[in-house]
Amino acid sequence: AGTVCDTYSLAQAIHYAIDQNVAVINLSLAGPPDPILAQLIDIAVRRGIRVVAAYDPARPGGGFPASHAGVIAVAEDEGGARPTPAVFAAPGKGVPTTAPGGRWQIEDGSSFAAAHVSGLMALSRQRQGAGARSARIIAAPLTGEIDACATLLQGSSGDRSACASSP
């Protein structure tokens, strides 16, 4: 049986994640606004769950859910200025990923950049300890390029001088 990605299956997945009190929900997708998914995202955000989504420059506002209030929008880092001040930039070129049949392949795009940020957010929260909900992504002010080192060291007594590119 093939995988189905529609409102119903996404709603079930987000609802399950909320029930499990996850720290981060990754939505590496973009499409038109959806009122059911928007309500679930609002619930997740109110509960302190970080929702990360892929920014699609071909869609108005980057598409849904990236354009939804409270969602961390992530674009593929293309080495220039970020699309808008509210969008982060992360690696999205040449990302190894799983493929059908137990294989691997290399992909590009903001969906893979969003996955990077979701993983970074999860690591940051884990580093801060159980129940930590204050982790945030630290990025360069002009480009929005994420600073993984500074993000992971926030809230600790770690030596930030080790982060050569910290803003």
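Scope of the values below: all heavy atoms of this structure, side chains included, with no hydrogens, waters or symmetry mates. These numbers were taken from a predicted model, which means no experiment stands behind them.
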### Message
Contact between I25 and I14 at the side-chain level, heavy atoms closer than 4.5 Å - yes or no?
### Response
yes
### Task
Would you please test I146 and I138 for side-chain contact (heavy atoms from CB on, under 4.5 Å) and show each step?
CA-CA 6 Å; I146 61 169; I138 297 174; over 6 Å; no
### Query
Can you name the residues that form a side chain to side chain donor-acceptor pair (under 3.5 Å) with E107, not counting sequence neighbours?
Q105
#### Entry: Counterpart residues, side chain to side chain contact (heavy atoms under 4.5 Å, CB included), relative to H116 (two or more places apart)
A90, P91, V95
### Those residues that, when tested against D34, pass salt bridge (charged side-chain N to carboxylate O under 4.0 Å, His left out) (two or more places apart)
none
### Query
After noting the C-alpha distance and the side-chain angles of T97 and I106, does the key distance pass the side-chain contact (heavy atoms from CB on, under 4.5 Å) rule?
CA-CA 6 Å; T97 187; I106 302 296; over 6 Å; no
#### Entry: Path from F112 to L123 over hydrophobic side-chain contacts below 4.5 Å
no
## Note on the structure
To the nearest 0.5 Å, atom NE2 of H15 lies from atom CG of L40 at 7.0 Å
#### Entry: CG-SG distance between L29 and C5, expressed to the nearest 0.5 angstrom
5.5 Å
Side-chain donor-acceptor distances from residues 57-66 under 3.5 Å, at least two apart:
none

### Message
Test of understanding: clusters of I, L, V, M, F, W, Y form through side-chain heavy atoms closer than 4.5 Å, transitively. Do F88 and V24 belong to the same one?
### Response
yes
### Query
Got a second to check how far S110's OG is from D77's CG, nearest 0.5 Å?
12.0 Å
### Summary
Contacts of A114 meeting side chain to side chain contact (heavy atoms under 4.5 Å, CB included) (sequence neighbours excluded), chain-then-number -> N26, S28, V52, A54, V74
### Query
Counting only heavy atoms not in I36, do more than 12 fall under 6.0 Å of its CD1?
no
### Query
With side chains defined as the heavy atoms from C-beta onward, is the minimum distance between D42 and H68 less than 4.5 Å?
yes
### Donor-acceptor contact present, side-chain T151 to main-chain D147, <3.5 Å
yes
### Query
So R50 and I72, side-chain contact (heavy atoms from CB on, under 4.5 Å) or not? Walk me through it.
CA-CA 7 Å; R50 300 296 179 141; I72 299 167; 4.2 Å; yes
### Message
I'd like to know if the side chain of R125 and the backbone of A23 have a donor-acceptor N/O pair within less than 3.5 Å.
### Response
yes
## Note on the structure
Applying side chain to side chain donor-acceptor pair (under 3.5 Å) to D108 and not counting sequence neighbours gives none
### Task
Tell me yes or no: between the side chains of Y8 and Q12, is some donor less than 3.5 Å from an acceptor?
yes
